[in-house]
Amino acid sequence: MLDRAQSPAPVLIILGPPGAGKGTQARRLEQDFGLIQLSTGDLLRAAVAAQTPAGLRARSVMEAGGLVSDDIVTAILRDRMAQADCARGVILDGFPRTQVQAEALDALLAETGQRINAAISLNVDDAAMVTRIAGRYTCANCGEGWHDSFKQPQVDGVCDRCGGTTFKRRPDDTPDTVASRLAAYHDQTAPLIAYYRARGALIGIDAMGDIDTITQKLGAIVKTATR
Ligand code: AMP
């Protein structure tokens with residue numbers, strides 16, 4: 001057996017439509033397992049805010065709820081994965097979203113001698129996603145996720161986690177854009193479930209329950225997959 005110290009850093013993928021809880025769960029796994037959450041959505045939003053050339057090209061596509069080009073997203077992910085902290089292992093949240101991206105990831109991991117430990121699909125009811133997304137917001141300071149109906153801070157307007165009082169909503173969390181994002185998911189990303197199933201890497205879980213229960217299920221999966 002390979003010595004643990006020499007094992008390649010684990011790579012986990014979380015698949016699921018917008019609103020399924022990928023970001024929330026990936027952040028929790030980051031804390032619990034010391035893995036790095038890599039959200040291409042977050043990386044792209046940072047590029048848009050910094051007005052980098054990639055950000056300038058991505059902005060209108062993101063506002064419309066479409067998918068940013070494979071070239072841009074793959075380049076952003078590749079750069080981020082080359083940073084030293086990713087040697088601890090990564091949880092990919094929102095990547096890959098197309099077959100081309102899945103193949104680019106395979107090529108990248110082949111270069112570093114890593115493999116995909118598990119691709120976890122969060123199975124949810126589409127209709128519920130629009131309600132979930134429409135009410136969600138995050139603490140501008142620590143990034144903790146909150147929801148108008150399902151998860152409110154104990155003191156109105158104050159983040160339980162860090163005491164922050166400024167919150168933000170994503171500009172693409174509008175009903176029209178959410179419909180486009182769900183369509184993009186079904187057309188281009190859902191086929192990856194079969195892609196990973198065919199390689200024996202897929203683990204599907206029911207992700208309609210409460211957040212803590214899903215975190216527990218995921219924790220058990222990650223523990224086994226990274227052993
Ligand atoms: P997310 O935060 O994962 O919901 O992503 C927000 C938006 O960023 C998406 O609606 C896409 O426009 C874009 N995006 C994020 N990740 C990708 C990806 N892997 N491929 C293409 N577009 C992406």
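The model shown is predicted, which means the values in this text are computed figures rather than measured ones. Both backbone and side-chain heavy atoms feed into the values below; hydrogens, waters and symmetry mates do not. Start at 1 and go down the list; that is how both ligands and their atoms are numbered.
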Asker: Hey, is Val73 touching ligand 1 through its side chain, its backbone, both or neither, going by heavy atoms under 4.0 Å?
Answerer: side chain
Asker: Would you say Arg45 has any N or O atom under 3.5 Å from an N or O of ligand 1, going by distance alone?
Answerer: yes
Asker: Evaluate the side-chain proximity of Lys151 to Glu144: yes if any heavy-atom separation is below 4.5 Å, no if none is.
Answerer: yes
Asker: Between Gln101 and ligand 1, which part of the residue brings a heavy atom under 4.0 Å of the ligand: side chain, backbone, both or neither?
Answerer: side chain
Asker: Suppose we measure from atom 22 (N) of ligand 1 to each protein heavy atom; which comes out shortest, and what is that distance?
Answerer: Val68 N, 3.1 Å
Asker: What residue and heavy atom of the protein are closest to atom 4 (O) of ligand 1, and at what distance?
Answerer: Arg170 NH2, 3.0 Å
Asker: At what distance is the nearest protein heavy atom to atom 13 (C) of ligand 1, and which residue and atom is it?
Answerer: Leu44 CD1, 3.6 Å
Asker: Which ligand 1 atoms are under 4.0 Å away from a heavy-atom of Gly41?
Answerer: 1 (P), 2 (O), 5 (O), 15 (C), 16 (N)
Asker: Pick one of side chain, backbone, both or neither for how Met62 approaches ligand 1, counting any non-hydrogen atom pair under 4.0 Å.
Answerer: both
Asker: Show your reasoning for whether side-chain contact (heavy atoms from CB on, under 4.5 Å) applies to Asp106 and Arg199.
Answerer: CA-CA 12 Å; Asp106 289 341; Arg199 302 152 124 246; 2.7 Å; yes
Asker: So which heavy atom on Phe33 is nearest to which on Gly219, and how close?
Answerer: CZ-O, 3.4 Å
Asker: Distance-only criterion, 3.5 Å: show the donor-acceptor pairs between side-chain atoms of residues 184-193 and protein atoms not counting sequence neighbours.
Answerer:
{"residue": "His186", "atom": "NE2", "partner": "Asp126", "partner atom": "OD1", "Å": "3.1"}
{"residue": "His186", "atom": "NE2", "partner": "Asp126", "partner atom": "OD2", "Å": "3.0"}
{"residue": "Thr189", "atom": "OG1", "partner": "Arg97", "partner atom": "O", "Å": "2.7"}

Asker: Which atom names give the shortest non-hydrogen contact between Ser149 and His147, and what distance separates them?
Answerer: N-ND1, 3.0 Å
Asker: Are any of the N or O atoms of Thr40 closer than 3.5 Å to those of ligand 1?
Answerer: yes
Asker: Give the intermediate values and the outcome of side-chain contact (heavy atoms from CB on, under 4.5 Å) for residues Asp172 and Glu63.
Answerer: CA-CA 6 Å; Asp172 59 346; Glu63 280 171 358; over 6 Å; no
Asker: Is Gly66 close to ligand 1, meaning an N/O of one under 3.5 Å from an N/O of the other?
Answerer: yes
Asker: Side chains of Thr215 and Asp212 only: does a donor on one sit below 3.5 Å from an acceptor on the other?
Answerer: no
Asker: For atom 5 (O) of ligand 1, what's the nearest protein heavy atom and its distance?
Answerer: Arg97 NH2, 3.5 Å
Asker: Can I get a per-line list of side-chain donor-acceptor pairs under 3.5 Å for residues 9-18, giving both atom names and the distance, sequence neighbours left out?
Answerer:
none

